[in-house]
Asker: 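Below is a structure I'd like to ask you about.
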Amino acid sequence: MVSRRRVEPREERTSRPVGREVLCFQEAATMADTPSNDDDILDAPDRGSAEELLDAGGQDEIGAMRHSTAHVLAEAVLDLFPGTKLGIGPAIADGFYYDFDLPRPLTPDDLESIETRMHESMAADHRFVRKEIALDDARAVAEGQGQIYKVEILDDLAARAIAGGDLPPVTSFYEHGPFSDLCKGPHVESTGRIGPFKLLSVAGAYWRGDEKRPMLQRVYGTVWGSQEELDQYLWRRAEAKKRDHRRLGVQLDLFSFHDVSPGSAFWHPKGQRVWRTLEAAMRELQERRGYEEISTPILVHKKLWQQSGHWDLYGDNMFRLETEGQEFSLKPMNCPESTIVYRSRLRSYRDLPIRYNEYGRLHRNERSGTLSGLTRVRQFIQDDAHIYVRPDQLAAEIEALLGEVREAYSWFGLEPRFAFATKPDKALGDPALWERAEALIRGALDSAGANYVVKPKDGTFYAPKIDIYIDDALGREWQMATIQVDLVMLPERFDLTYIDEAGQPQRPIAIHRAIYGSLERFIGILVEHFAGAFPLWVAPVQAVVIPIADRHVDAARELAAVMRARGLRVEVDASDGRMQNKIRVAQEQKVPYMMVLGDREIEARTASPRTRAGEQEPAEGWEKLATRLATMAAARRPD
RNA sequence: GCCGACAUAGCUCAGCGGUAGAGCAGCUGUUUCGUAAACAGCAGGUCCUCGGUUCAAAUCCGAGUGUCGGCUCCA
């Protein structure tokens, strides 16, 4: 079933505030989010209409309040910093922002005084009054006030009105107290109706998102209907900070970053154990599903990238180097090289599908400002695979892939959601091929019964794709897996063929797929999702044996050996500390099971595991216990 | 890359012109303990790097690097 409703950005939850949801001004809204070159995926006959575009977040009450708070923020800033030029101030998920061109950078102290000033405005309970005004008059007013950004918006509005003839040459202002702002509304009745709020941060933001335009200062804030909701939101933020994988990565000794290689993780033994466990699980799935693993060079001559199209379209993101007058690049993707293996001999229609998986080390030269822990890196490894199929096999293969996604995510208790991303503006290949690929994907999604949304123009430059999203334990959305159906880059550019029943060469279709995506990123997300308390099967240390006194250490080592013989990852805490302290340490390391060993247990050769949840399980014989835990771990359950 | 902030012991942080501190971790000793922190002592730092101002710089200024919050980009 095709989701024919317009993809509604408001429904997207993201892990950070994204200011594109709802915008105050027509042009801003148009620029930010409206697909201009639509196809039948979208059914929005009224898209572009003034009514829709001007809706400033007031579709619901809380949106109207957030937007109203942005106005009060602007009032306060204008009051405290005369001469401030206003940008735009929309409602966003969980709050609002306003962009300002200020005489000097804002500090955290400024936020406090701005908040104070805002409280005054709210106490005064100014009414929000809507004023209709002719565009020309509005422009004159804005110009008189030196509000150059508003003038720009009004000029654009006027241009559209003239060009389209469908806009009344009238616009609206909203006034409250001394403040007036170009705005469609709606707003709450008065400033006194605004709930508890808090200003959160200041950040730079280009005017209209264009890096060639001036950088404005964006103030982010949050506002809620009740103190309780505000507190809950702030708690969620604090909780997210506690779960931050960069923080837990240090605490749990999983990985570190160093300035000798910005954007690339150093994996410590425990992190590497997590890594290898995930990799082994995926390899097991892949072998079971008919994949064959390959391995290709990291350092590759530019002619390969010229052939694939990366050199032109992706070159800025590639690390290049030169030797003996020849230019090479570190590979940013595995795909072009998989074709070399494919082409190493003639392929028959009977050979397909061919499924090559590869855990290749990739380098992408991400801009320095975008690097962020494990979620945005310059070096990473994907659980990557390239599948070559006949056209008649495509639908079945995609269905199988959707099944793989569901299986793999069930190991972590994650629910995948699907999004179908179509042709971007900057794309390779014949538009007819794109149309065909998109139709095939939609058909496969439908027959797999997948529930999905459509993301227009969000495909890669060589393929439409299915992106898979999950919501983590804090309700944050993450993009994870991707399935890309490539009729262009690999098959056409590398002239791939197979010989059909009639002895004629035919073009295969290539599918690029990664289910974890980058292992780095996936582990980072898992750390945050589980707050570091990995499921038993993933935990770097699955159990710690805790001898009560020194005389119990030998027995503890024996028990550990019994458990290791069952493939469990077990450590013995033979330190000088007291048992209580050893428990505390294991607890802080989020070790799933602790086995306290004293005279009683050793006598009976039993142990009673304490879980990290603080539960005490009944005593069990060593062999039985080891077998039980090993069975649980092998089941790959999400707890 | 751009805007802003930050960078002090392994970790978390204090000090903010007079030459470096705490807690935890580590080491040593005492303790041998029954389900989330035993006690004592010791050791540990080119205060990110380079340059400048100053009698004197961790502290003020500039540049660089890295990190963080965003913008932008994004397979």
Side-chain angles (χ1 to χ4, degrees), chain A residues 16-20 97 99 101-102 104-108 110 200-220 241 244 246-247 250-251 253 256-263 310 313-314 316-318 331-335 362 364-373 375-376 380 382 384 421 424 426 458-463 465 467 479 482 484 486 489 512 514 517-518 521 546-553 575-589 594-601 608-617:
Chain A
R16 58 198 167 120
V18 174
R20 60 189 160 155
Y97 69 77
D99 286 343
D101 191 342
L102 284 155
R104 68 161 172 86
L106 291 175
T107 67
D110 291 327
L200 298 172
S201 60
V202 194
Y206 298 111
W207 170 234
R208 294 187 155 184
D210 181 347
E211 60 185 292
K212 292 182 189 69
R213 311 294 305 268
M215 171 84 56
L216 307 181
Q217 293 189 64
R218 175 171 299 178
V219 176
Y220 283 98
K241 204 175 166 190
D244 191 318
R246 293 166 297 198
R247 182 190 173 90
V250 173
Q251 205 174 305
D253 198 17
S256 57
F257 286 87
H258 197 278
D259 63 7
V260 297
S261 188
H310 285 88
L313 283 163
Y314 201 70
D316 290 346
N317 283 317
M318 291 164 63
K331 66 175 171 182
M333 299 176 198
N334 295 309
C335 32
L362 307 180
R364 296 181 186 178
N365 194 1
E366 304 290 353
R367 296 162 87 174
S368 58
T370 66
L371 301 176
S372 177
T375 51
R376 194 69 177 181
F380 59 99
Q382 293 176 307
D384 204 5
K426 204 164 106 175
D458 205 33
T460 76
F461 66 81
Y462 54 83
K465 61 178 180 172
D467 283 331
Q479 192 199 317
T482 183
Q484 305 172 358
D486 175 10
M489 184 177 70
H512 311 238
S518 120
R521 181 178 152 85
I546 298 178
I548 290 179
D550 285 350
R551 65 176 181 281
H552 306 127
V553 169
S575 70
D576 190 34
R578 297 174 70 213
M579 174 207 61
Q580 282 87 342
N581 185 51
K582 294 177 184 178
I583 288 172
R584 184 182 146 86
V585 169
Q587 199 76 46
E588 281 181 340
Q589 289 297 304
M594 289 151 248
M595 251 72 73
V596 174
L597 229 50
D599 294 331
R600 293 202 297 267
E601 289 81 5
S608 40
R610 178 198 211 276
T611 70
R612 63 188 160 196
E615 291 153 358
Q616 192 70 46
E617 296 185 347

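These numbers come from the heavy atoms of this one structure, side chains and all, not from hydrogens, waters or symmetry mates. Chain naming here is simple, since letters A, B, ... match the order of the sequence lines and numbering starts at 1 in each.
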Asker: Work out how far the C1' atom of B:C47 is from that of B:A7, and round it to whole angstrom.
Answerer: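 It comes out at 10 Å once rounded to the nearest Å.
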Asker: Across the strands shown, which category fits A:Y462 at heavy-atom distances under 4.0 angstrom: base, sugar-phosphate, nothing?
Answerer: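 It contacts sugar-phosphate atoms only.
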Asker: Quick one: the side chain of A:R376 and the base of B:C74, do they pair up donor-acceptor inside 3.5 Å?
Answerer: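 Indeed, a donor on one side and an acceptor on the other fall under 3.5 Å apart.
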Asker: Name the nucleic acid region contacted by A:A203, choosing base, sugar-phosphate or nothing; use a 4.0 angstrom heavy-atom cut-off, strictly under.
Answerer: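 Result for A:A203 = base.
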Asker: Please tell me if A:R218 has a side-chain N or O lying less than 4.0 Å from either OP1 or OP2 of B:C2.
Answerer: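 Checking B:C2 against A:R218, no side-chain N or O comes under 4.0 Å of OP1 or OP2.
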Asker: Less than 4.0 Å between a side-chain N and a carboxylate O, is that true for A:R246 and A:D244?
Answerer: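 So A:D244 pairs with A:R246 through a salt bridge.
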Asker: Which value, in whole Å, describes the distance between the P atoms of nucleotides B:U53 and B:U19?
Answerer: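 Approximately 23 Å lies between the P atom of B:U53 and that of B:U19.
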Asker: Measuring only the C1' atom in each nucleotide, how far is B:C6 from B:C16? A whole number of Å is fine.
Answerer: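 Here B:C6 and B:C16 have their C1' atoms 14 Å from each other.
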Asker: Below 3.5 Å, does any donor atom in the side chain of A:R367 face an acceptor in the base of B:U72, or the other way round?
Answerer: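 Yes.
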Asker: What distance, rounded to whole Å, do you find between the two P atoms, one in B:U49 and one in B:U54?
Answerer: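 It comes out at 23 Å once rounded to the nearest Å.
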Asker: From A:D486 CG over to A:H512 NE2, what is the distance, rounded to the nearest 0.5 angstrom?
Answerer: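 Going from CG on A:D486 over to NE2 on A:H512, the span is 3.5 Å.
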Asker: Starting at the 5' end of RNA chain B, which residue's closest nucleotide do you reach first, A:M333 or A:S372?
Answerer: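 Residue closer to the 5' terminus by nearest nucleotide: A:S372.
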Asker: The side chain of A:V250 lies closest to which of these nucleotides: B:G1, B:C11, B:U65?
Answerer: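 Nearest listed nucleotide: B:C11.
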Asker: Any idea which of B:G1, B:C2, B:C68 is nearest the A:T370 side chain?
Answerer: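 Minimum distance to the A:T370 side chain belongs to B:G1.
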Asker: If I pick the C1' atom on B:G18 and the same atom on B:A57, what distance separates them, to the nearest angstrom?
Answerer: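 These two C1' atoms come out 10 Å apart once rounded.
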Asker: What string of B, S and - do you get for nucleotides 31-41 of chain B, 5' to 3', when a contact is any protein heavy atom under 4.0 Å?
Answerer: BBBBBBBB---
Asker: For the side chain of A:Q382 and the backbone of A:M333, is there at least one donor-acceptor N/O pair under 3.5 Å apart?
Answerer: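 Flag not set: sc A:Q382 to bb A:M333 has no pair under 3.5 Å.
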Asker: When both hydrogen-bonding distances must be under 3.5 Å and the geometry is Watson-Crick or G-U wobble, what is B:U32 paired with, if anything?
Answerer: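 Looking at the geometry, B:U32 pairs with no nucleotide.
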Asker: Taking a pair as Watson-Crick or G-U wobble with both distances under 3.5 Å, which nucleotide is matched to B:A56?
Answerer: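 WC or wobble partner does not exist here.
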Asker: Does a side-chain N or O from A:Y220 land closer than 4.0 Å to OP1 or OP2 of B:C71, or not?
Answerer: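 Answer is yes, contact under 4.0 Å.
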Asker: When you compare B:C50 with B:U65, how far apart are their C1' atoms, in angstrom units rounded to a whole number?
Answerer: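 So the two C1' atoms sit 11 Å from each other.
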Asker: Who is the Watson-Crick or G-U wobble partner of B:C47, with both distances under 3.5 Å?
Answerer: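 Because no pair has both required distances under 3.5 Å, B:C47 counts as unpaired.
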Asker: How far, in whole Å, is B:A36 from B:A40 if one measures between their P atoms?
Answerer: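 Per the computed distance, 22 Å lies between those P atoms.
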Asker: So does A:Q479 get a backbone contact from the side chain of A:R521, meaning a donor-acceptor N/O pair under 3.5 Å?
Answerer: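 Yes.
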Asker: Mind checking A:G517 for me? I need base, sugar-phosphate or nothing, with any heavy atom below 4.0 Å counting as a touch.
Answerer: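 No contact.
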Asker: What's A:L371 touching, base or sugar-phosphate or nothing? Going by heavy atoms closer than 4.0 Å.
Answerer: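 Contact class for A:L371: sugar-phosphate only.
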Asker: Do A:Q217 side-chain atoms and A:L106 backbone N/O form a donor-acceptor pair below 3.5 Å?
Answerer: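 Checked: pair present.
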Asker: Does any nucleotide pair with B:U65 by Watson-Crick or G-U wobble geometry, both distances under 3.5 Å, and what is it?
Answerer: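 Base-paired to B:A7.
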Asker: B:G26 and B:G10: how far apart are their C1' atoms, nearest whole angstrom?
Answerer: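 Rounded to whole Å, the distance is 8 Å.
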Asker: So what's B:U12 paired with, Watson-Crick or G-U wobble, going by both distances under 3.5 Å?
Answerer: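 Here B:U12 is engaged in a pair, and the nucleotide opposite it is B:A22.
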Asker: For A:T611, does its backbone N or O pair with a side-chain atom of A:Q616 as donor and acceptor, under 3.5 Å?
Answerer: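 Such a contact is absent between A:Q616 side chain and A:T611 backbone.
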Asker: Between the base of B:G1 and the side chain of A:Y206, is there a donor-acceptor distance below 3.5 Å?
Answerer: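 Side chain to base: pair present.
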Asker: If each of A:M215 and A:P262 is mapped to the nucleotide of RNA chain B with the nearest heavy atom, which maps nearer the 5' terminus, i.e. the 5' end?
Answerer: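 Of the two residues, A:M215 wins.
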